[in-house]
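So you know, we letter chains A, B, ... as the sequences are listed, proteins then strands, and number each from 1. Only this structure's heavy atoms are used, side chains among them; waters, hydrogens and symmetry mates stay out.
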There are 2 protein chains.
Amino acid sequence: MNPAKTSGSERPYHHGDLRRAILGAALDVIAAEGPSAVSLRDLARRAGVSHAAPAHHFKDRVGLLTAIAAEGFGLLATALDAADDLRDAGVRYVRFARENPAHFQVMFSPELLRENDLELTTARTLAGVRLRAAVSALPSEGRGPDTRLAGIAAWSLAHGFATLLISHNLDGQVGDEDPDEVFHALTGMLFRPQQP
Amino acid sequence: MNPAKTSGSERPYHHGDLRRAILGAALDVIAAEGPSAVSLRDLARRAGVSHAAPAHHFKDRVGLLTAIAAEGFGLLATALDAADDLRDAGVRYVRFARENPAHFQVMFSPELLRENDLELTTARTLAGVRLRAAVSALPSEGRGPDTRLAGIAAWSLAHGFATLLISHNLDGQVGDEDPDEVFHALTGMLFRPQQP
DNA sequence: GGGCAATCTTGTCAGTGTCAAGTTGTGGAG
DNA sequence: CTCCACAACTTGACACTGACAAGATTGCCC
(Lines give C-alpha, C1' and ligand atoms only; values in the text may rest on other atoms or scores of the structure.)
Protein backbone atom coordinates (compact mmCIF):
# COMPACT_ATOMS: atom_id res chain seq x y z
CA MET A 1 0.00 0.00 0.00
CA ASN A 2 2.83 2.40 -0.66
CA PRO A 3 2.34 3.67 -4.17
CA ALA A 4 5.79 4.54 -5.51
CA LYS A 5 7.49 6.59 -2.83
CA THR A 6 10.40 7.67 -4.98
CA SER A 7 10.17 5.95 -8.34
CA GLY A 8 6.60 6.16 -9.57
CA SER A 9 5.55 8.50 -12.29
CA GLU A 10 2.47 9.42 -10.27
CA ARG A 11 3.80 11.81 -7.72
CA PRO A 12 3.27 10.62 -4.16
CA TYR A 13 1.39 12.69 -1.66
CA HIS A 14 4.53 13.15 0.37
CA HIS A 15 7.37 14.67 -1.56
CA GLY A 16 10.20 13.10 0.37
CA ASP A 17 12.45 16.11 0.80
CA LEU A 18 10.38 19.09 -0.17
CA ARG A 19 12.25 21.44 2.10
CA ARG A 20 15.55 20.77 0.34
CA ALA A 21 13.89 20.91 -3.08
CA ILE A 22 12.39 24.32 -2.37
CA LEU A 23 15.68 25.62 -1.02
CA GLY A 24 17.54 24.39 -4.07
CA ALA A 25 15.08 25.92 -6.48
CA ALA A 26 15.14 29.17 -4.57
CA LEU A 27 18.93 29.29 -4.72
CA ASP A 28 18.80 28.78 -8.47
CA VAL A 29 16.32 31.60 -8.93
CA ILE A 30 18.23 33.98 -6.66
CA ALA A 31 21.54 33.30 -8.37
CA ALA A 32 19.95 33.96 -11.74
CA GLU A 33 17.56 36.84 -11.06
CA GLY A 34 18.06 38.03 -7.52
CA PRO A 35 16.06 37.57 -4.33
CA SER A 36 13.16 39.71 -5.51
CA ALA A 37 12.43 37.16 -8.22
CA VAL A 38 11.60 34.30 -5.87
CA SER A 39 7.95 33.40 -5.78
CA LEU A 40 6.68 30.75 -3.42
CA ARG A 41 4.11 29.65 -5.97
CA ASP A 42 6.76 29.34 -8.64
CA LEU A 43 8.98 27.28 -6.38
CA ALA A 44 6.02 25.07 -5.54
CA ARG A 45 5.37 24.56 -9.25
CA ARG A 46 9.00 23.61 -9.86
CA ALA A 47 8.84 21.05 -7.07
CA GLY A 48 5.55 19.71 -8.39
CA VAL A 49 3.52 20.48 -5.29
CA SER A 50 0.57 22.69 -4.53
CA HIS A 51 0.96 26.42 -4.11
CA ALA A 52 0.68 26.38 -0.32
CA ALA A 53 3.07 23.50 0.34
CA PRO A 54 6.18 25.65 0.89
CA ALA A 55 4.49 27.55 3.68
CA HIS A 56 4.44 24.38 5.74
CA HIS A 57 8.25 24.26 5.80
CA PHE A 58 9.14 27.95 5.87
CA LYS A 59 5.96 29.65 7.09
CA ASP A 60 6.66 32.73 5.00
CA ARG A 61 8.55 34.15 2.10
CA VAL A 62 10.65 35.85 4.75
CA GLY A 63 11.01 32.52 6.49
CA LEU A 64 12.41 30.92 3.36
CA LEU A 65 14.96 33.68 2.85
CA THR A 66 15.88 33.58 6.53
CA ALA A 67 16.53 29.86 6.26
CA ILE A 68 18.77 30.50 3.26
CA ALA A 69 20.69 33.18 5.13
CA ALA A 70 21.14 30.95 8.17
CA GLU A 71 22.40 28.12 5.98
CA GLY A 72 24.77 30.57 4.31
CA PHE A 73 26.28 31.76 7.59
CA GLY A 74 26.76 28.15 8.59
CA LEU A 75 28.56 27.36 5.35
CA LEU A 76 30.68 30.49 5.72
CA ALA A 77 31.62 29.58 9.27
CA THR A 78 32.87 26.14 8.26
CA ALA A 79 34.73 27.62 5.30
CA LEU A 80 36.50 30.09 7.57
CA ASP A 81 37.19 27.42 10.13
CA ALA A 82 39.58 25.70 7.76
CA ALA A 83 41.63 28.85 7.17
CA ASP A 84 45.15 28.90 8.54
CA ASP A 85 45.70 32.66 8.61
CA LEU A 86 43.92 35.92 7.91
CA ARG A 87 44.95 36.11 4.31
CA ASP A 88 43.62 32.63 3.69
CA ALA A 89 40.43 33.51 5.53
CA GLY A 90 39.96 36.46 3.18
CA VAL A 91 40.47 34.29 0.14
CA ARG A 92 37.97 31.80 1.50
CA TYR A 93 35.49 34.58 2.20
CA VAL A 94 35.68 35.74 -1.40
CA ARG A 95 35.53 32.21 -2.73
CA PHE A 96 32.48 31.50 -0.62
CA ALA A 97 30.73 34.50 -2.12
CA ARG A 98 31.68 33.42 -5.61
CA GLU A 99 30.56 29.83 -5.16
CA ASN A 100 27.41 30.68 -3.20
CA PRO A 101 26.25 33.99 -4.63
CA ALA A 102 22.63 33.36 -3.74
CA HIS A 103 23.40 32.70 -0.10
CA PHE A 104 25.75 35.66 0.03
CA GLN A 105 23.25 38.13 -1.37
CA VAL A 106 20.54 37.10 1.04
CA MET A 107 22.85 36.99 4.06
CA PHE A 108 23.54 40.71 3.78
CA SER A 109 20.05 41.90 2.92
CA PRO A 110 18.59 42.37 6.39
CA GLU A 111 15.35 43.84 5.10
CA LEU A 112 14.52 40.45 3.58
CA LEU A 113 15.10 38.51 6.79
CA ARG A 114 13.48 37.81 10.12
CA GLU A 115 16.25 39.30 12.20
CA ASN A 116 15.19 37.72 15.48
CA ASP A 117 15.19 34.20 14.07
CA LEU A 118 17.15 31.90 16.33
CA GLU A 119 18.89 29.78 13.69
CA LEU A 120 19.89 32.93 11.84
CA THR A 121 21.37 34.73 14.81
CA THR A 122 23.30 31.73 16.08
CA ALA A 123 24.74 30.94 12.65
CA ARG A 124 25.65 34.58 12.11
CA THR A 125 27.27 34.82 15.52
CA LEU A 126 29.33 31.72 14.84
CA ALA A 127 30.54 33.16 11.54
CA GLY A 128 31.44 36.37 13.36
CA VAL A 129 33.49 34.45 15.89
CA ARG A 130 35.40 32.73 13.09
CA LEU A 131 36.08 36.08 11.45
CA ARG A 132 37.41 37.66 14.62
CA ALA A 133 39.54 34.61 15.33
CA ALA A 134 41.20 34.99 11.95
CA VAL A 135 41.95 38.64 12.64
CA SER A 136 43.43 38.08 16.07
CA ALA A 137 45.62 35.32 14.64
CA LEU A 138 47.47 38.00 12.70
CA PRO A 139 50.89 38.78 14.19
CA SER A 140 50.78 42.18 15.79
CA GLU A 141 53.55 43.64 13.61
CA GLY A 142 51.40 43.23 10.50
CA ARG A 143 48.14 44.13 12.10
CA GLY A 144 48.98 47.65 13.15
CA PRO A 145 48.28 49.34 16.45
CA ASP A 146 44.50 48.90 16.47
CA THR A 147 43.18 45.34 16.24
CA ARG A 148 39.61 46.50 15.85
CA LEU A 149 40.51 48.73 12.91
CA ALA A 150 42.46 45.91 11.33
CA GLY A 151 39.40 43.71 11.56
CA ILE A 152 37.15 46.31 9.99
CA ALA A 153 39.67 46.89 7.22
CA ALA A 154 40.05 43.20 6.45
CA TRP A 155 36.34 42.56 6.45
CA SER A 156 35.61 45.65 4.36
CA LEU A 157 38.21 44.75 1.75
CA ALA A 158 37.01 41.17 1.43
CA HIS A 159 33.34 42.06 1.52
CA GLY A 160 33.69 44.89 -0.96
CA PHE A 161 35.70 42.80 -3.38
CA ALA A 162 33.25 39.92 -3.10
CA THR A 163 30.24 42.18 -3.54
CA LEU A 164 31.64 44.01 -6.54
CA LEU A 165 32.74 40.72 -8.04
CA ILE A 166 29.41 38.93 -7.93
CA SER A 167 27.54 42.03 -9.10
CA HIS A 168 29.85 42.00 -12.14
CA ASN A 169 31.26 45.42 -11.38
CA LEU A 170 34.84 44.20 -11.69
CA ASP A 171 34.43 42.23 -14.89
CA GLY A 172 36.31 44.87 -16.82
CA GLN A 173 39.19 45.11 -14.37
CA VAL A 174 39.70 41.49 -13.38
CA GLY A 175 39.08 39.99 -16.79
CA ASP A 176 39.63 36.24 -16.90
CA GLU A 177 42.16 36.18 -14.11
CA ASP A 178 41.59 33.97 -11.11
CA PRO A 179 39.74 36.14 -8.58
CA ASP A 180 41.41 34.27 -5.74
CA GLU A 181 44.82 35.40 -6.93
CA VAL A 182 43.69 38.95 -7.50
CA PHE A 183 42.37 39.13 -3.99
CA HIS A 184 45.51 37.51 -2.67
CA ALA A 185 47.47 40.35 -4.24
CA LEU A 186 45.04 42.85 -2.75
CA THR A 187 45.65 41.64 0.78
CA GLY A 188 49.33 42.27 0.23
CA MET A 189 48.61 45.99 -0.01
CA LEU A 190 46.63 46.08 3.21
CA PHE A 191 48.84 44.48 5.83
CA ARG A 192 52.36 45.39 4.95
CA PRO A 193 55.17 45.16 7.43
CA GLN A 194 55.36 48.67 8.76
CA GLN A 195 58.37 50.51 9.99
CA PRO A 196 58.46 52.78 13.03
CA MET B 1 -7.93 80.38 -14.62
CA ASN B 2 -5.36 78.52 -12.68
CA PRO B 3 -7.26 76.74 -9.92
CA ALA B 4 -4.81 76.34 -7.08
CA LYS B 5 -1.81 74.71 -8.66
CA THR B 6 -0.05 74.20 -5.37
CA SER B 7 -2.28 75.52 -2.63
CA GLY B 8 -5.80 74.22 -3.21
CA SER B 9 -7.26 71.56 -0.98
CA GLU B 10 -8.92 69.95 -3.99
CA ARG B 11 -6.11 68.27 -5.76
CA PRO B 12 -5.71 69.46 -9.34
CA TYR B 13 -5.75 67.08 -12.23
CA HIS B 14 -2.12 67.76 -12.92
CA HIS B 15 0.09 67.08 -9.97
CA GLY B 16 2.77 69.59 -10.79
CA ASP B 17 5.85 67.49 -10.18
CA LEU B 18 4.63 63.95 -9.89
CA ARG B 19 7.88 62.47 -11.14
CA ARG B 20 9.83 64.04 -8.30
CA ALA B 21 7.15 63.13 -5.77
CA ILE B 22 7.22 59.48 -6.80
CA LEU B 23 11.00 59.41 -6.72
CA GLY B 24 11.05 60.94 -3.26
CA ALA B 25 8.48 58.54 -1.88
CA ALA B 26 10.31 55.61 -3.43
CA LEU B 27 13.57 56.71 -1.82
CA ASP B 28 11.86 56.89 1.55
CA VAL B 29 10.45 53.40 1.19
CA ILE B 30 13.74 51.92 -0.01
CA ALA B 31 15.72 53.50 2.80
CA ALA B 32 13.26 52.13 5.34
CA GLU B 33 12.39 48.69 3.97
CA GLY B 34 14.59 47.99 0.97
CA PRO B 35 13.93 47.99 -2.76
CA SER B 36 11.64 44.98 -2.65
CA ALA B 37 9.14 46.97 -0.61
CA VAL B 38 8.42 49.55 -3.29
CA SER B 39 5.01 49.22 -4.83
CA LEU B 40 3.95 51.51 -7.64
CA ARG B 41 0.42 51.54 -6.33
CA ASP B 42 1.58 52.49 -2.88
CA LEU B 43 3.72 55.30 -4.22
CA ALA B 44 0.74 56.52 -6.25
CA ARG B 45 -1.39 56.52 -3.12
CA ARG B 46 1.23 58.52 -1.21
CA ALA B 47 1.34 61.09 -3.99
CA GLY B 48 -2.44 61.25 -4.10
CA VAL B 49 -2.80 60.11 -7.68
CA SER B 50 -4.37 57.13 -9.37
CA HIS B 51 -2.68 53.77 -9.41
CA ALA B 52 -1.53 53.97 -13.01
CA ALA B 53 -0.10 57.48 -12.90
CA PRO B 54 3.51 56.48 -12.07
CA ALA B 55 3.71 54.31 -15.16
CA HIS B 56 3.46 57.41 -17.30
CA HIS B 57 6.73 58.76 -15.91
CA PHE B 58 8.72 55.58 -15.45
CA LYS B 59 6.99 53.03 -17.65
CA ASP B 60 7.78 50.21 -15.27
CA ARG B 61 8.78 49.29 -11.79
CA VAL B 62 12.14 48.53 -13.30
CA GLY B 63 12.05 51.91 -15.00
CA LEU B 64 11.56 53.65 -11.67
CA LEU B 65 14.45 51.82 -10.05
CA THR B 66 16.62 52.47 -13.08
CA ALA B 67 15.89 56.18 -12.83
CA ILE B 68 16.90 56.09 -9.16
CA ALA B 69 20.14 54.30 -9.97
CA ALA B 70 20.97 56.77 -12.74
CA GLU B 71 20.29 59.69 -10.42
CA GLY B 72 22.49 58.02 -7.83
CA PHE B 73 25.44 57.61 -10.16
CA GLY B 74 25.06 61.26 -11.13
CA LEU B 75 25.12 62.35 -7.51
CA LEU B 76 28.11 60.12 -6.82
CA ALA B 77 30.00 61.53 -9.79
CA THR B 78 29.57 65.12 -8.60
CA ALA B 79 30.51 64.11 -5.06
CA LEU B 80 33.72 62.51 -6.30
CA ASP B 81 34.43 65.44 -8.56
CA ALA B 82 35.02 67.67 -5.56
CA ALA B 83 37.59 65.33 -4.01
CA ASP B 84 41.17 66.52 -3.92
CA ASP B 85 42.89 63.16 -3.50
CA LEU B 86 42.14 59.45 -3.34
CA ARG B 87 41.71 59.36 0.39
CA ASP B 88 39.17 62.17 0.20
CA ALA B 89 37.43 60.41 -2.67
CA GLY B 90 37.07 57.33 -0.50
CA VAL B 91 35.63 59.32 2.36
CA ARG B 92 33.19 60.96 -0.03
CA TYR B 93 32.23 57.58 -1.45
CA VAL B 94 31.37 56.30 2.01
CA ARG B 95 29.59 59.49 2.94
CA PHE B 96 27.54 59.30 -0.23
CA ALA B 97 26.42 55.80 0.68
CA ARG B 98 25.55 56.88 4.18
CA GLU B 99 23.60 59.94 3.09
CA ASN B 100 21.91 58.26 0.13
CA PRO B 101 21.45 54.65 1.22
CA ALA B 102 18.45 54.13 -1.05
CA HIS B 103 20.30 55.26 -4.15
CA PHE B 104 23.34 53.24 -3.15
CA GLN B 105 21.45 50.01 -2.68
CA VAL B 106 19.70 50.26 -6.01
CA MET B 107 22.83 51.33 -7.90
CA PHE B 108 24.51 48.02 -7.14
CA SER B 109 21.55 45.71 -7.61
CA PRO B 110 21.78 45.02 -11.33
CA GLU B 111 18.96 42.51 -11.30
CA LEU B 112 16.55 45.33 -10.45
CA LEU B 113 17.65 47.58 -13.30
CA ARG B 114 17.31 47.95 -17.04
CA GLU B 115 20.99 47.59 -17.80
CA ASN B 116 20.82 48.97 -21.32
CA ASP B 117 19.14 52.19 -20.25
CA LEU B 118 20.97 55.15 -21.74
CA GLU B 119 20.78 57.52 -18.76
CA LEU B 120 21.94 54.75 -16.46
CA THR B 121 24.94 53.73 -18.52
CA THR B 122 26.13 57.28 -19.13
CA ALA B 123 25.81 58.24 -15.47
CA ARG B 124 27.57 55.07 -14.39
CA THR B 125 30.35 55.61 -16.88
CA LEU B 126 30.87 59.15 -15.65
CA ALA B 127 31.12 57.95 -12.06
CA GLY B 128 33.63 55.34 -13.18
CA VAL B 129 35.74 58.01 -14.84
CA ARG B 130 35.76 60.05 -11.63
CA LEU B 131 36.81 57.00 -9.63
CA ARG B 132 39.69 56.17 -11.92
CA ALA B 133 40.79 59.78 -11.96
CA ALA B 134 41.06 59.73 -8.18
CA VAL B 135 43.16 56.57 -8.29
CA SER B 136 45.58 57.81 -10.91
CA ALA B 137 46.01 61.03 -8.94
CA LEU B 138 47.73 59.00 -6.24
CA PRO B 139 51.50 59.48 -6.25
CA SER B 140 53.15 56.35 -7.51
CA GLU B 141 55.17 55.75 -4.32
CA GLY B 142 51.98 55.22 -2.33
CA ARG B 143 50.08 53.41 -5.01
CA GLY B 144 52.36 50.46 -5.40
CA PRO B 145 53.58 48.85 -8.58
CA ASP B 146 50.20 48.02 -10.10
CA THR B 147 47.81 50.92 -10.64
CA ARG B 148 44.97 48.63 -11.58
CA LEU B 149 45.33 46.62 -8.36
CA ALA B 150 45.46 49.81 -6.34
CA GLY B 151 42.20 50.91 -7.90
CA ILE B 152 40.50 47.60 -7.15
CA ALA B 153 41.79 47.70 -3.59
CA ALA B 154 40.61 51.25 -2.98
CA TRP B 155 37.20 50.63 -4.48
CA SER B 156 36.78 47.33 -2.62
CA LEU B 157 37.70 48.85 0.71
CA ALA B 158 35.38 51.83 0.31
CA HIS B 159 32.55 49.78 -1.14
CA GLY B 160 32.82 47.07 1.46
CA PHE B 161 32.92 49.52 4.33
CA ALA B 162 29.97 51.46 2.92
CA THR B 163 27.95 48.31 2.31
CA LEU B 164 28.58 46.83 5.73
CA LEU B 165 27.88 50.19 7.31
CA ILE B 166 24.47 50.80 5.79
CA SER B 167 23.43 47.19 6.36
CA HIS B 168 24.21 47.75 10.04
CA ASN B 169 26.85 45.05 10.14
CA LEU B 170 29.41 47.36 11.72
CA ASP B 171 27.17 48.85 14.37
CA GLY B 172 28.90 46.87 17.05
CA GLN B 173 32.40 47.75 15.94
CA VAL B 174 32.05 51.40 14.97
CA GLY B 175 29.71 52.37 17.77
CA ASP B 176 28.92 56.06 17.81
CA GLU B 177 32.17 57.15 16.24
CA ASP B 178 32.11 59.26 13.11
CA PRO B 179 32.20 56.77 10.23
CA ASP B 180 34.13 59.26 8.14
CA GLU B 181 36.97 59.23 10.63
CA VAL B 182 36.93 55.48 10.96
CA PHE B 183 37.22 55.12 7.22
CA HIS B 184 39.91 57.77 7.12
CA ALA B 185 41.92 55.63 9.52
CA LEU B 186 41.22 52.58 7.37
CA THR B 187 42.72 54.16 4.29
CA GLY B 188 45.87 54.73 6.29
CA MET B 189 46.37 50.99 6.48
CA LEU B 190 45.94 50.46 2.76
CA PHE B 191 48.33 52.86 1.11
CA ARG B 192 51.33 53.08 3.35
CA PRO B 193 54.63 54.37 2.10
CA GLN B 194 56.41 51.16 1.25
CA GLN B 195 60.09 50.45 1.53
CA PRO B 196 62.12 48.34 -0.92
C1' DG C 1 -9.96 79.85 -30.11
C1' DG C 2 -8.73 75.15 -31.74
C1' DG C 3 -6.31 71.29 -31.86
C1' DC C 4 -2.78 68.43 -29.87
C1' DA C 5 0.27 66.17 -26.92
C1' DA C 6 1.26 65.38 -22.19
C1' DT C 7 -0.74 64.05 -18.01
C1' DC C 8 -3.73 61.56 -15.29
C1' DT C 9 -7.98 58.22 -14.49
C1' DT C 10 -10.80 54.07 -14.76
C1' DG C 11 -11.30 49.36 -15.64
C1' DT C 12 -9.49 44.94 -16.15
C1' DC C 13 -6.48 40.70 -16.05
C1' DA C 14 -3.15 37.45 -14.49
C1' DG C 15 -0.06 36.56 -10.83
C1' DT C 16 1.33 36.58 -5.88
C1' DG C 17 1.41 35.97 -0.50
C1' DT C 18 -1.14 34.44 3.15
C1' DC C 19 -4.68 32.43 5.78
C1' DA C 20 -8.28 28.79 6.91
C1' DA C 21 -10.10 24.39 6.45
C1' DG C 22 -10.01 19.97 4.62
C1' DT C 23 -7.36 15.48 2.92
C1' DT C 24 -3.89 12.04 2.93
C1' DG C 25 -0.16 9.52 4.62
C1' DT C 26 3.03 7.96 8.75
C1' DG C 27 4.59 6.29 12.80
C1' DG C 28 4.00 4.99 17.35
C1' DA C 29 1.38 3.49 21.53
C1' DG C 30 -1.60 0.13 23.21
C1' DC D 1 -2.81 -5.47 14.33
C1' DT D 2 -5.48 -1.39 15.19
C1' DC D 3 -6.24 3.09 15.87
C1' DC D 4 -5.13 7.61 16.51
C1' DA D 5 -2.52 11.82 16.75
C1' DC D 6 0.42 14.40 14.04
C1' DA D 7 2.99 15.80 9.98
C1' DA D 8 2.73 16.78 5.09
C1' DC D 9 0.18 18.33 1.59
C1' DT D 10 -4.19 20.21 -1.02
C1' DT D 11 -8.06 23.22 -2.04
C1' DG D 12 -10.23 27.47 -1.85
C1' DA D 13 -10.51 32.16 -0.93
C1' DC D 14 -9.16 37.19 -0.35
C1' DA D 15 -6.56 41.30 -0.77
C1' DC D 16 -2.85 43.13 -3.11
C1' DT D 17 0.31 44.00 -7.01
C1' DG D 18 2.19 45.13 -11.96
C1' DA D 19 0.82 45.84 -16.43
C1' DC D 20 -2.02 47.08 -20.19
C1' DA D 21 -5.85 49.46 -22.83
C1' DA D 22 -8.99 53.04 -23.44
C1' DG D 23 -10.89 57.26 -22.04
C1' DA D 24 -10.92 61.93 -19.62
C1' DT D 25 -8.69 66.35 -18.46
C1' DT D 26 -5.48 69.99 -18.91
C1' DG D 27 -2.03 73.17 -20.49
C1' DC D 28 0.28 74.95 -24.42
C1' DC D 29 1.40 76.71 -28.89
C1' DC D 30 0.12 78.36 -33.25
Side-chain angles (χ1 to χ4, degrees), chain A residues 1-8 10-26 29-30 33-68 106 109 111-114 117, chain B residues 1-8 10-26 29-30 33-68 106 109 111-114 117:
Chain A
M1 293 13 170
N2 191 338
K5 183 172 287 185
T6 56
S7 63
E10 304 276 336
R11 105 174 112 87
Y13 196 93
H14 280 39
H15 178 282
D17 197 359
L18 181 57
R19 184 184 159 92
R20 195 62 244 173
I22 298 282
L23 280 174
V29 172
I30 295 172
E33 308 172 62
S36 59
V38 309
S39 144
L40 291 182
R41 288 176 114 102
D42 178 47
L43 299 178
R45 247 170 327 218
R46 295 181 187 226
V49 294
S50 82
H51 67 252
H56 207 271
H57 292 272
F58 301 103
K59 163 105 178 166
D60 249 352
R61 212 186 93 106
V62 172
L64 168 62
L65 296 173
T66 302
I68 290 177
V106 175
S109 299
E111 69 273 3
L112 301 178
L113 308 176
R114 188 131 36 222
D117 181 88
Chain B
M1 285 30 172
N2 193 340
K5 184 172 287 187
T6 57
S7 62
E10 303 276 336
R11 109 176 110 86
Y13 197 93
H14 281 40
H15 179 282
D17 197 359
L18 181 58
R19 183 186 159 91
R20 196 62 244 171
I22 298 281
L23 279 173
V29 172
I30 295 173
E33 309 172 62
S36 60
V38 310
S39 141
L40 291 182
R41 288 175 112 103
D42 178 47
L43 299 178
R45 246 167 329 212
R46 296 183 186 226
V49 295
S50 80
H51 66 253
H56 208 272
H57 291 273
F58 302 103
K59 163 105 179 168
D60 249 350
R61 212 185 93 105
V62 172
L64 168 62
L65 296 173
T66 302
I68 290 176
V106 175
S109 300
E111 69 274 1
L112 301 178
L113 308 177
R114 189 132 34 221
D117 181 87

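- Rounded to a whole Å, the CZ atom of B:Arg46 is 15 Å from the C1' atom of D:dT17.
- Taking atom NZ of residue A:Lys59 and atom C1' of nucleotide C:dC19, one finds them 10 Å apart after rounding to whole Å.
- For B:Thr66 (side chain) and B:Arg114 (main-chain N/O), a donor-acceptor pair under 3.5 Å exists by modelled atom type.
- Each of C:dG17, C:dT9, D:dT10 was ranked by its minimum atom distance to the side chain of A:Ala53; first place goes to D:dT10.
- Remark: B:Arg45 is in phosphate contact with D:dT17, judged by side-chain N or O atoms under 4.0 Å from OP1 or OP2.
- Listed pair B:Ser39 / D:dC16 fails the phosphate criterion, with no side-chain N or O lying under 4.0 Å from OP1 or OP2.
- B:Leu43 places its CG atom 12 Å from the C1' atom of D:dT17, with the value rounded to the nearest Å.
- Going from atom CG of A:Leu64 over to atom CG of A:Leu23 covers 6.0 Å, rounded to the nearest 0.5 Å.
- Applying the 3.5 Å distance criterion, the base of C:dG15 shares no donor-acceptor pair with the side chain of A:Arg41.
- Distances shorter than 4.0 Å separate none of the side-chain N or O atoms of A:His57 from OP1 or OP2 on D:dA7.
- Take the nearest nucleotide of DNA chain D for A:Asp17 and for B:Arg61: the residue whose nucleotide is more 5' is A:Asp17.
- Between B:Arg61 atom CZ and B:Leu112 atom CG the span is 7.0 Å, to the nearest 0.5 Å.
- Nearest to the side-chain atoms of B:Asp60 among the listed nucleotides D:dT10, C:dT9, D:dA19 stands D:dA19.
- A straight line from CG of B:Leu18 to P of C:dT9 spans 8 Å, rounded to a whole angstrom.
- In this entry the distance linking NE2 of B:His56 with P of C:dT9 reads 11 Å, nearest Å.
- As judged by a 4.0 angstrom heavy-atom cut-off over every strand, B:Val38 is placed among residues touching the sugar-phosphate backbone only.
- Under the 4.5 Å side-chain criterion, counting only non-hydrogen atoms from C-beta, B:His57 is in contact with B:Leu18.
- Side-chain atoms of B:Leu40 and B:Asp60, non-hydrogen and from C-beta on, never get closer than 4.5 Å to each other.
- For the pair A:Glu33 CD and C:dT16 P, the computed distance is 12 Å after rounding to whole Å.
- Residue-to-nucleotide contacts include no donor-acceptor pair under 3.5 Å from the side chain of B:Arg19 to the base of C:dT7.
- For B:Ile22 and C:dC8, the CD1 to C1' distance is 11 Å, given to the nearest whole Å.
- A straight line from CZ of B:Phe58 to P of D:dC20 spans 17 Å, rounded to a whole angstrom.
- The side chain of B:His51 lies closest to D:dC20, out of D:dG18, D:dC20, C:dT18.
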